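What follows is a short report on a single structure.
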Amino acid sequence: MSGPKLNTGPARGMRDFLPVDVRRRAFVIDVVTRVYQSYGFEPLETPAVENIETLLGKYGEEGNQLIYKILKRGEHESTGQADLALRYDLTVPLARVVAEHRAKLPRLFRRYQIQPVWRADRPARGRYREFYQCDVDALGSTSAAIEAELCGAVSQVLTELGFEDFRIRLNHRELLRAVLQAAGVPEGLHGEALIAVDKLDKIGPEGVTGELTARGVAPQAARALLGVFAGGEAENGALLSSLEAFVTGGAAGVAVPACLENLREILALTEGTPAAGRLRVDPSLARGLSYYTGAIFEIAVPDLAGSLGGGGRYDGLVGMFSGEQVPACGFSLGLERILVVMGERNLFPPALTAAPADVMISVFRPEDLGRAMQSALVLRQGGLRVFVYPDVDKMGKQLKYASGCGIPCVAILGESELAAGTVSIKALASGRQDTVALADAARTIQDFLGEVRG
RNA sequence: GUGGGCGUAGCUCAAUGGUAGAGCACCGGCCUGUGGCGCCGGACGUUGCGGGUUCGAUCCCCGUCGCCCACCCCA
């Protein structure tokens, strides 16, 4: 038995899910699924592995580097070339599916998808290399009603899970472009400028100015940008008005940019959804994925540095596969981010840590095990979760085992019970014990369970 | 990728330049059909891995791997 000790931990950034973990995950997934379905979203699943060219070039430079690539197999492995990759998110595979199966899908396709994705990122708190995303996406419409319903659906999920303090940060890719342009930041420096501006709450206005000029932004443009982004806690309407003044140069009679109209409409429409009051226009929100074309979102809670989820409109992605432009918008919730915060805030129902079974059957002679299994069947047909103790240990040890795993009742099949066709039911918490006919045992156990659970 | 911290029994952690202990958990007994409490006893480690200094390293030094925190980024 003794050999070299192998590292028994999972690979870096990966996790084993023990029973208590799986129960918690299933609890959250159940809520997410139920809410998404209630908004008319249909289920979809796609393969873990995609052809590598499906994924490359969709996420921006950083995303490209974080894709897990799969080497060619067999004699081609030595070439070091990769032809497959693990999916990096659920959005690009969705776009591929829609491009492939367009004719079979409804014109206004709404789907949800809860599956793992893989990123070769550095693990941290709430960040793993394999993690689950809970995506909802709606294709085929450019209406702001889509954005509003998506915000409503994720808000309802979070509210039902017990979150009361989340905010949805809202911005728009076109607005971002217009602001940078109006500030005089050249197109090529937009990415650099956004990284700097994003640090505003950490390093302050002076720090951002320094960072901007260090990245090549002219001092005048840097000052102009700060004027926009340092707006503080302005209310959504006022913020949009000042942004409008900035991007139009304050000139009267200039047409209101479509992106601002779009944001105003989204804000108005969400007032009739569970997302009411949750949205905050945030001109500094950028988001890393390059496929976004319109509104972008990110969900924030105070006690988590990262986000609980994010999303946005990507009207060009399906067209990258099929050539046919199909407008689309989606939102993604990060399952493990939700679990981390729920764990810290004790938002899980206590019953989730419950025992593996309602009752454990005890016997004391090897020849009685067959009768124990028959009795278990009777109890299972009575709706109970039944665990048959497989060994013939002393009663004390068996009771201790049941007690230790939190199994609330023990059904004792000793010599006298077997002879009489009865079973003794003991409730461990109270110590109460009744001997009843096997046919009545399930009901007795249910009664005992009822007392324990109040 | 940058900076800092930590790797000792199944778990949580002590300790010392002279080859390691406690609590919990586990097993057995007190108690041969009744658990939790108590008492008694038992088993348990190549001190992450490799190398160096040393008469001798778990401790000091170097490397390596793994984990944690901060920055960065995101779900």
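Keep in mind it's a predicted model, so treat the numbers as computed, not measured. Order of the sequence lines fixes the chain letters, A, B, ..., with proteins taken first and strands second; residue numbering starts at 1 for each chain.
- Rounded to whole Å, the distance from OH on A:Tyr59 to C1' on B:rC73 is 16 Å.
- Computed from coordinates, the A:Gln65 CD to B:rC72 P distance equals 19 Å when rounded to whole Å.
- Using atom P as the reference point in both B:rA22 and B:rC61, the two lie 29 Å apart (nearest Å).
- In this view, A:Asp434 and A:Arg432 satisfy the salt bridge (charged side-chain N to carboxylate O under 4.0 Å, His left out) rule, not counting sequence neighbours.
- Straight-line distance from the CG atom of A:Asn64 to the C1' atom of B:rC73: 16 Å, rounded to whole Å.
- Which of B:rG29, B:rA75, B:rC67 sits closest to the side chain of A:Lys394 comes down to B:rG29.
- With both ends at atom C1', the span from B:rG51 to B:rC13 equals 29 Å, rounded to whole Å.
- The distance from atom CZ of A:Arg12 to atom C1' of B:rG1 is 12 Å, rounded to the nearest whole Å.
- Rounded to whole Å, the distance from CG on A:Leu66 to P on B:rC73 is 13 Å.
- Annotation: B:rG1 and B:rC62 have their C1' atoms spaced 23 Å apart (nearest Å).
- Separating the P atom of B:rG18 from that of B:rA57 is a span of 11 Å, rounded to the nearest Å.
- With sequence neighbours excluded, the residues satisfying side chain to side chain contact (heavy atoms under 4.5 Å, CB included) with A:Met342 are A:Phe27, A:Val28, A:Leu161, A:Phe163, A:Ile338, A:Leu347, A:Phe348.
- Pairing each heavy atom of A:Gln115 with each of A:Glu45, the nearest pair is OE1-CA, 3.3 Å.
- Residues passing the side-chain hydrogen bond (donor to acceptor under 3.5 Å, both in side chains) test with A:Tyr36, sequence neighbours excluded: none.
- Remark: the separation of the C1' atoms in B:rU19 and B:rC55 is 14 Å, to the nearest Å.
- Checked against side chain to side chain contact (heavy atoms under 4.5 Å, CB included), A:Gln446 has the following partners two or more places apart in sequence or in another chain: A:Leu384, A:Leu449.
- A close approach under 4.0 Å does not occur between any side-chain nitrogen or oxygen of A:Arg122 and OP1 or OP2 of B:rU2.
- Separating the CD1 atom of A:Ile299 from the C1' atom of B:rA75 is a distance of 10 Å, rounded to the nearest angstrom.
- Residue-level contact check: A:Gly404 touches neither bases nor backbone, having no heavy atom under 4.0 Å from any strand.
- Mapping A:Phe131 and A:Glu415 onto RNA chain B via the closest heavy atom, the residue that lands nearer the 5' end is A:Glu415.
- Here the separation of B:rC49 from B:rC30, taken at their P atoms, is 41 Å to the nearest Å.
- A:Tyr112 and A:Asp137 share no donor-acceptor pair across their side chains, judged by distance under 3.5 Å alone.
- For a distance-only test at 3.5 Å, the side chain of A:Ser416 qualifies as a donor-acceptor partner of the base of B:rG33.
- In this entry the distance linking CE of A:Met14 with P of B:rA75 reads 18 Å, nearest Å.
- Environment of CD in A:Gln181: sparse, with no more than 12 heavy atoms of neighbouring residues, nucleotides or ligands closer than 6.0 Å.
- Taking the side-chain hydrogen bond (donor to acceptor under 3.5 Å, both in side chains) definition, one finds that A:Arg365 meets it with A:Asp368, sequence neighbours left out.
- The residue A:Leu308 sits close only to the backbone: its heavy atoms come under 4.0 Å of sugar-phosphate atoms, none of a base.
- Residues A:Gly216 and A:Leu189 approach most closely at O-CD1, 3.4 Å, considering heavy atoms.
- Distance A:Arg365 CZ to B:rG33 C1': 12 Å, rounded to the nearest Å.
- Taking atom C1' on both B:rC68 and B:rA20, the two are 26 Å apart, rounded to the nearest angstrom.
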Restricting to nitrogen or oxygen on both sides, can you table the protein-nucleotides 34-40 of chain B pairs closer than 3.5 Å?
from   : atom 1 : to       : atom 2 : distance (Å)
B:rU34 : O2     : A:Lys426 : NZ     : 2.9
B:rU34 : N3     : A:Gln433 : OE1    : 2.8
B:rU34 : N3     : A:Gln433 : NE2    : 3.3
B:rU34 : O4     : A:Gln433 : NE2    : 2.6
B:rG35 : O6     : A:Leu428 : O      : 3.0
B:rG35 : N1     : A:Leu428 : O      : 2.3
B:rG35 : N2     : A:Ser403 : OG     : 3.1
B:rG35 : N2     : A:Leu428 : O      : 3.4
B:rG36 : N1     : A:Leu428 : O      : 3.4

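- Residues of residues 20-35 of chain A that place a heavy atom closer than 4.0 Å to RNA chain B do not occur.
- A:Arg129 is linked by a salt bridge (charged side-chain N to carboxylate O under 4.0 Å, His left out) to nothing, counting only residues two or more places apart in sequence or in another chain.
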Subject >> Watson-Crick and G-U pairing of RNA chain B written in dot-bracket, each distance under 3.5 angstrom, with | for inter-strand partners >> reply: (((((((..((((....[..)))).(((((.......))))).....(((((..]....))))))))))))....
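- Residues forming a ring-ring contact (aromatic ring centres under 6.0 Å, His included) with A:Tyr389 (at least two apart in sequence, or on another chain): A:Tyr401.
- With both ends at atom C1', the span from B:rG23 to B:rA14 equals 10 Å, rounded to whole Å.
- For A:Ala99, the side chain to side chain contact (heavy atoms under 4.5 Å, CB included) partners two or more places apart in sequence, or in a different chain, are A:Val318, A:Phe321, A:Ser322.
- For A:Arg110, the side chain to side chain contact (heavy atoms under 4.5 Å, CB included) partners are A:Tyr39, A:Phe41, A:Ala138, A:Ile146, A:Glu149, not counting sequence neighbours.
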